[in-house]
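Heavy-atom basis, side chains included; hydrogens, waters and symmetry copies ignored. Proteins come first, then strands; the chains are lettered A, B, ... in the order of their sequence lines, and each starts at number 1.
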There are 2 protein chains.
Amino acid sequence: MFTMASEDITALMHRLGSQARAASAQLAKASAAQRRHALLALAQRLREHHAPLQQANQHDLDAAQAAGVQGPLLDRLRLDDKALQTCALGCEQLAAMSDVVGEMFGFCEQPSGIRVGQMRVPLGVFAMIYESRPNVTIEAASLAIKSGNACILRGGSEALHTNQALAECVAHALVAAALPAEAVQLVPVTDRAAVGVLLHMDQAIDVVVPRGGKGLIERVSAESRIPVLKHLDGNCHVYVDDGADLAMALRVTDNAKTQKYSPCNAAESLLVAQAEAAAFLPALGAAMAAKGVELRACPEAMACLQSVANLQVKPASEADWATEYLAPVMSVKVVAGLDEAIAHINTHGSHHTDAIVTRDHARAQRFLREVDSASVMLNASTRFADGFEYGLGAEIGISTDKLHARGPVGITGLTSVKYVVLGNGHVRT
Amino acid sequence: MFTMASEDITALMHRLGSQARAASAQLAKASAAQRRHALLALAQRLREHHAPLQQANQHDLDAAQAAGVQGPLLDRLRLDDKALQTCALGCEQLAAMSDVVGEMFGFCEQPSGIRVGQMRVPLGVFAMIYESRPNVTIEAASLAIKSGNACILRGGSEALHTNQALAECVAHALVAAALPAEAVQLVPVTDRAAVGVLLHMDQAIDVVVPRGGKGLIERVSAESRIPVLKHLDGNCHVYVDDGADLAMALRVTDNAKTQKYSPCNAAESLLVAQAEAAAFLPALGAAMAAKGVELRACPEAMACLQSVANLQVKPASEADWATEYLAPVMSVKVVAGLDEAIAHINTHGSHHTDAIVTRDHARAQRFLREVDSASVMLNASTRFADGFEYGLGAEIGISTDKLHARGPVGITGLTSVKYVVLGNGHVRT
């Protein structure tokens, strides 16, 4: 079911591509009011169509259960009332945000007399390849509409009925705003071959955003002929500096590690300046013991942690410094001070998000400048690395690439700028 | 000579890569004053070392002549007094420009209380692969120093002695500013295999900039494992709108086509609104005839051009609409009006630079918004599409990509931004 012969898949994908390319021109020149209208129509439709959407979702849930799926994987597939309300609210929040498409800025008159500035414009067409959570369909569609891009969505095969029902809501909302329904298209087949074809459609698609496990992201990066916006590991650090407020350090470390274990912005490694190790680590160890977090410690940290009651602690291996646990485990290392902390983070980290807890201005400035990560933080939990927390309104993902978009990627990350030159018959001499 | 066994080349290139990566951390944290010092020391050394530099250049010129190179190719290889003065002046101009590295901007307080903004930082290491002109060595080195990046330079084999002498000046200037000499390294062998190794060094190099003919750019794009900043064709258009000032249209079209034939921002195609064709085309034809420019015309344009004395004109083929001539040839098409002009440019153009000549505000706005090119111009010659003319100070090239950097790429295009989060012990709830 939902599978096809490979020549049919190729033809289908190319048709989706050329429809998306054509629709992108319409969306790019649509007014801000039209795109706002589409977002509000989508929110309304999601609110009004709970019953059929949940019916489609139940179809997927039943099939998944019959196939033996259970626990968190089944939960991720579920589109309950609350998830639908959140989707609708997200669309309304995007509709309320000011529009960035067509923004013009930076105009300066040059010695020749021409005035040169830039205009923000949509990228054109993005493709998103994602795993089971069906609400991503609405997040991606609404970001596409707001940013003036067309998109092609390839969701998880186990969520196909739900995604198709959601995509119908999107199409309806686009048409209600006099925009082409083909601006947001869902790949209607579950064949893996469809992804292979899609990743070679560099004429039709400007950027690919994979969202899911590491296997998916690595496959997309290796195979794609189209630029990829991606994030790989999130091996985030908290560094507790000499003379830090240790109560603050404990609060920040605890939150960064334990507020949620699975997100990429959860801390995986704690670095402590030698001067604070004896005072800080026993308190930290006690807090982690209370939450059942296992520590993997360097010998010096081990000496400070060994007497903490009920703490699971064992020696760290070299591999621990580079490991993203996504679990109640944290590596702990005592460092001489700032220089060693920065060198350790830049060597073993994943350039995602790293925080310093300090009172010292000069060392704070050096940490922020010299740690080569997408987000660097002073006296704040790494858990803040998120498009909503950064005020971007919504995010399509978090990029650990340095080119184009780095860190949480919102609407601006889905746009480009072009130069605009205004003259009055000016010619070059 | 200057060739090696392939295992030696691999080892050599990886050594250059790790030296560049190490040097990049030093350069990224260097002060603006240090980088300014290095640029001024480089300018001084170029001015004071005319004689040895020209001796090295003569060595390359003699070898090229002995190999039968002549004409423009030999001229491009020559590093005369004037070229050296221009290189030195370029370094001094960059030194005088304000520094962008470490710039912090956009800080806003979020509902959680954290303050979030961004910091501009170097990309790390770029590689540049270029053909014969040796002054590109100084342009790339000085842009690297100003932008805080390390770089690996691979010049044309016929310019190796000249480039080595220039690279020695750069190394001297870096050391004079207490910066690592390895921040700018020239590949010291001419083997093509070195490029193959370099394009796979994605751990050591953040971005590759090919600069040269289409063959080079296509090879680099196809083979590279590293993101590429590139420009392909420059099939630039001038569209003369209904009711345009025809004297202005003639001045702009003539300049865009004939001020220089070889640059990528020279116009290759003229579109004329039907209402103006009979009045405009004979005058344009006469101007082109006077300069020996051949026109390739659609049937309707042909009818307006046939009676122009001494004009070389022939029917355009479908291929002409997509051709970058880089020569005294221009295609000419009569279009119904703005809609057809925009559609034609977006279909047949190369998304580089396109201009409209008009008096109409609404149509000007639509052209600027809807033409999907790196530079869009109103009443100005396409020849202005250039980093210097845009006030960027210097350019590493012109990008026709949409991601990261589009249009002339200056210092900012060689940087990334990271998010900076300032808290006071803030945690996520």
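- With a 4.5 Å cut-off on non-hydrogen atoms, A:Val207 touches chain B through its side chain but not through its backbone.
- Between the B:Lys402 side chain and the A:Lys418 main chain, no donor and acceptor come within less than 3.5 Å of each other.
- Looking at B:Thr353, there are no atoms closer than 4.5 Å to chain A (heavy atoms on both sides), in backbone or side chain.
- Only the side chain of A:Val116 comes within contact range of chain B, judged by heavy atoms closer than 4.5 Å.
- A donor-acceptor contact shorter than 3.5 Å is absent between the side chain of A:Arg369 and the backbone of B:Val121.
- In this structure, the portion of B:Leu392 lying under 4.5 Å from any heavy atom of chain A is its side chain and not its backbone.
- Chain B forms more heavy-atom pairs under 4.5 Å with one residue of A:Ala355, A:Gly425, A:Ala380, A:Ser381 than with any other, namely A:Gly425.
- Heavy-atom pairs under 4.5 Å with chain B were tallied for A:Met248, A:Arg366, A:His404, A:Arg251; the largest tally goes to A:His404.
- For a residue to count as touching a neighbouring chain, one of its non-hydrogen atoms must lie under 4.5 Å from one of that chain's; by this rule A:Pro111 does not touch chain B.
- Within 6.0 Å of CD on A:Gln203 lie no more than 12 heavy atoms contributed by other residues, nucleotides or ligands.
- Listed options A:Lys260, A:Arg225, A:Arg406 were ranked by heavy-atom pairs under 4.5 angstrom with chain B; first place goes to A:Arg406.
- Using a 4.5 Å cut-off between heavy atoms, A:Val357 does not touch chain B at all.
- At a 4.5 Å heavy-atom cutoff, A:Arg115 makes no contact with chain B through either its backbone or its side chain.
- Minimum interatomic distance between A:Val427 and B:Phe384 (heavy atoms only, all atoms of both residues): O-CZ, 3.2 Å.
- Heavy atoms closer than 4.5 Å to chain B are found nowhere in A:Ile356, neither backbone nor side chain.
- The most heavy-atom pairs under 4.5 Å with chain B, out of A:Gly124, A:Gly423, A:Gly413, come from A:Gly423.
- For A:Met377, the parts lying under 4.5 angstrom from a heavy atom of chain B are both the backbone and the side chain.
- The structure places CD of B:Glu389 at 4.5 Å from CZ of A:Arg428, a figure rounded to the nearest 0.5 Å.
- The most heavy-atom pairs under 4.5 Å with chain A, out of B:Gly407, B:Pro227, B:Ala374, B:Gly391, come from B:Ala374.
- No part of A:Thr415 comes within reach of chain B, as not one of its non-hydrogen atoms sits under 4.5 angstrom from that chain.
- Interface remark: of the candidates A:Asp254, A:Leu123, A:Thr429, A:Leu123 forms the most heavy-atom pairs closer than 4.5 Å to chain B.
- Atom-to-atom distance recorded for A:Ser112:OG and B:Tyr390:OH is 10.0 Å, nearest 0.5 angstrom.
- How far CG of B:Leu368 is from OH of A:Tyr419: 15.5 Å, rounded to the nearest 0.5 Å.
- A:Gln259 touches chain B through its side chain: at least one heavy atom from C-beta onward sits under 4.5 Å away, while N, CA, C and O do not.
- In this structure, the portions of A:Ser375 lying under 4.5 Å from any heavy atom of chain B include both its backbone and its side chain.
- Proximity to chain B is limited to the side chain of A:Asn265, based on heavy atoms less than 4.5 angstrom apart.
- One finds the OG atom of B:Ser416 at 8.5 Å from the CG atom of A:Asp372 (value rounded to the nearest 0.5 Å).
- Across A:Asp245, A:Asn346, A:Val252, the residue that shares the most heavy-atom pairs under 4.5 angstrom with chain B is A:Val252.
- Contacts of A:Val228 with chain B are absent, with no heavy-atom separation under 4.5 Å from either backbone or side chain.
- Taking CD of B:Gln110 as the reference point, atom CZ of A:Phe388 lies at 12.5 Å (rounded to 0.5 Å).
- With rounding to the nearest 0.5 Å, the separation of CG in A:Asp401 from CG in B:Leu403 is 10.0 Å.
- Between A:His426 and B:Asn379 the shortest side-chain heavy-atom distance does not fall below 4.5 Å.
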